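All remarks here apply to the structure that follows.
All ligand and atom numbering here is 1-based and tracks the order in the structure. In this text, all values refer to a predicted model and were calculated from it rather than measured experimentally.
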Amino acid sequence: MLSYEDARLTVIEVTAGLRRIPTREKLKLENSLGRILAEEIVADRDYPPFDRSTRDGFAVRAADCREAGAKLRVVGEIRAGGKFDGALSVGECVQIMTGAAVPRDANAVVMIEHTRSGALQNEVTMERAAGPGMNIVPRGSESRVGDVLLRAKTRIGYAEIAVAGQVGRAELDVYCKPRVAILSTGDEVVAVDATPGPFEIRNSNGVSLGAQAELAGAEAVLLGNAPDRGDELRKMIERGLEEDALVLSGGVSMGKYDLVEEVLRGLGAEFSFDAVAIRPGRPAVFGICRDTPVFGLPGNPVSTMVTFELLAVPAIDILAGGDARPLPLLKAKLATNVEQKASLTHFLPALVDWANGDAMVTELAWQGSGDTATLARGNCFLVVHQSKLKLAAGESVDVLPRRGLL
Ligand code: AMP
Ligand code: MG
């Protein structure tokens with residue numbers, strides 16, 4: 001059986017192999033968060049565009065301030081956005097504000113905290129020596145005009161938005177979000193706003209998968225629920241295959257009414273795997289059907305969540321036009337001993353906190369993969385790897401944060 005790492009690599013390879021180039025759209029900069037850039041962002045001028053003071057203080061000739069105690073004459077003032085055209089003679093300085101352009105003849109800035117007003121008017125005493133370049137960021141030292149500041153395929157976070165804003169890009173060329181169809185299956189499943197019969201359950205997977213898809217950067221297309229009947233399931237799967245990817249929940253186990261694989265096969269699906277060495281989530285299947293990546297995730301809600309995070313997110317990354325992001329595992333100190341018997345990698349509901357400074361993770365007692373309430377009391381999964389099923393309190397262990405929460 002594939003390890004989850006190998007299953008992820010398979011998903012990445014197969015999805016990338018489709019060589020889909022997403023369509024592009026122009027978006028206002030402020031609406032581009034989380035998208036993938038479809039173009040390069042280039043510096044429109046040198047940055048900083050002038051020799052910039054990083055302090056409020058006095059722009060001086062360093063040669064005048066080789067030692068502490070120099071008394072200089074203040075001959076002007078420069079605010080941020082302003083300029084000083086005059087020349088500085090020996091023994092002269094200019095008061096300057098953070099972000100202002102350093103005058104031509106000055107080559108250091110002494111911060112105001114290191115100065116004191118002199119006895120004479122317009123006189124200031126430097127209480128520290130100044131070396132050339134002190135508190136100045138030279139023009140072009142961050143980037144030169146024409147430099148590529150953001151490469152195509154970059155994921156747009158807030159720093160990337162700042163960079164684009166800085167160079168005047170009010171609109172960006174980005175890739176459209178991939179549309180991910182979400183279809184739950186099961187005769188026992190009714191809509192969230194329906195009243196279930198005594199042995200029926202509401203479709204929580206539809207909405208949780210929708211949320212996970214959006215957190216991953218996709219547009220979720222919620223198709224509702226299909227019954228465990230071949231003909232109807234087939235019709236709804238065919239509808240789902242019109243989107244960029246299809247995620248199904250339920251119907252992939254060994255039960256008599258688990259029909260998802262069979263129906264997909266009938267539609268020409270080629271499966272890359274139909275089990276992964278994880279718990280929860282072992283029966284997860286992945287394949288390509290009509291050129292579309294399809295995930296058949298087990299129906300128990302926590303299995304659905306874990307397998308989506310492990311397997312579907314990297315595919316969404318690629319369909320979004322970017323590279324697959326690594327699984328964002330953290331290290332934390334384990335609060336109590338944990339032992340698992342089954343030779344699988346386990347993802348256990350857990351709570352990580354930083355109350356004592358370091359990350360400490362506590363496993364939560366739960367009722368198995370239907371227990372969403374326990375999961376919701378935590379904020380992460382404790383990962384117990386197949387290679388080491390017995391963990392001792394105090395050990396450093398892997399933690400998979402619940403996306404969007406930590
Ligand atoms: P399955 O993988 O189809 O065997 O489903 C396993 C269990 O997961 C079912 O017995 C339900 O309790 C639960 N389940 C299946 N589908 C859903 C759903 N859409 N929403 C919430 N729970 C579900
Ligand atoms: Mg089912």
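- Taking the six-membered ring where tryptophan is involved, the planes of Phe381 and Phe347 are perpendicular, since the angle between them exceeds 60° and thus also 30°.
- Taking atom 2 (O) of ligand 1 as the reference point, the nearest protein heavy-atom neighbour is Gly299 N, 2.8 Å.
- Neither the backbone nor the side chain of Val252 has any atom closer than 4.0 Å to an atom of ligand 1 (non-hydrogen atoms only).
- Two residues are said to be in side-chain contact when any heavy atoms from C-beta on lie closer than 4.5 Å; Val75 and Cys93 fail this criterion.
- Using a 4.0 Å cut-off to heavy atoms of Val189, the atoms of ligand 1 that qualify are 16 (N), 17 (C), 19 (N).
- Contacts between Arg202 and ligand 1, counted as non-hydrogen atom pairs separated by less than 4.0 Å, involve the backbone only.
- Residue-ligand proximity: Pro301 is placed with a non-hydrogen atom under 4.0 Å from ligand 1.
- Under 4.0 Å is where a charged nitrogen must lie from a carboxylate oxygen, and between Asp291 and Arg20 no such pair does.
- Electrostatic pairing of Arg61 and Asp64 counts as a salt bridge here, judged by a charged N lying under 4.0 Å from a carboxylate O.
- Among protein heavy atoms, atom 22 (N) of ligand 1 sits closest to Ile201 CD1, 3.3 Å.
- A side-chain donor-acceptor contact under 3.5 Å links Arg202 to the backbone of Ala194.
- Scanning all protein heavy atoms for the shortest distance to atom 19 (N) of ligand 1 gives Asn203 OD1, 2.8 Å.
- Put simply, part of Ser204 is less than 4.0 Å from ligand 1, judged by heavy atoms.
- Contact annotation: Gly251 has at least one heavy atom less than 4.0 Å from an atom of ligand 1.
- Nearest protein heavy-atom contact of atom 9 (C) of ligand 1 is Glu188 OE2, 3.3 Å.
- With contacts defined as side-chain heavy-atom distances shorter than 4.5 Å, the pair Ile278/Leu344 does not qualify.
- Of all protein heavy atoms, the one lying nearest to atom 18 (C) of ligand 1 is Asn205 ND2, 3.2 Å.
- Rounded to the nearest 0.5 Å, atoms CD1 (Ile41) and CD1 (Ile156) are 7.5 Å apart.
- Arg151 and Thr154 are not linked by any side-chain donor-acceptor pair at a separation below 3.5 angstrom, with hydrogens and angles left out of the test.
- Other residues, nucleotides and ligands contribute more than 12 heavy atoms inside 6.0 Å of the CD atom of Glu339.
- Using a 4.0 Å cut-off between heavy atoms, Asn300 contacts ligand 1 through both its backbone and its side chain.
- The distance from ligand 1 to the heavy atoms of Ser184 drops below 4.0 Å at these ligand atoms: 19 (N).
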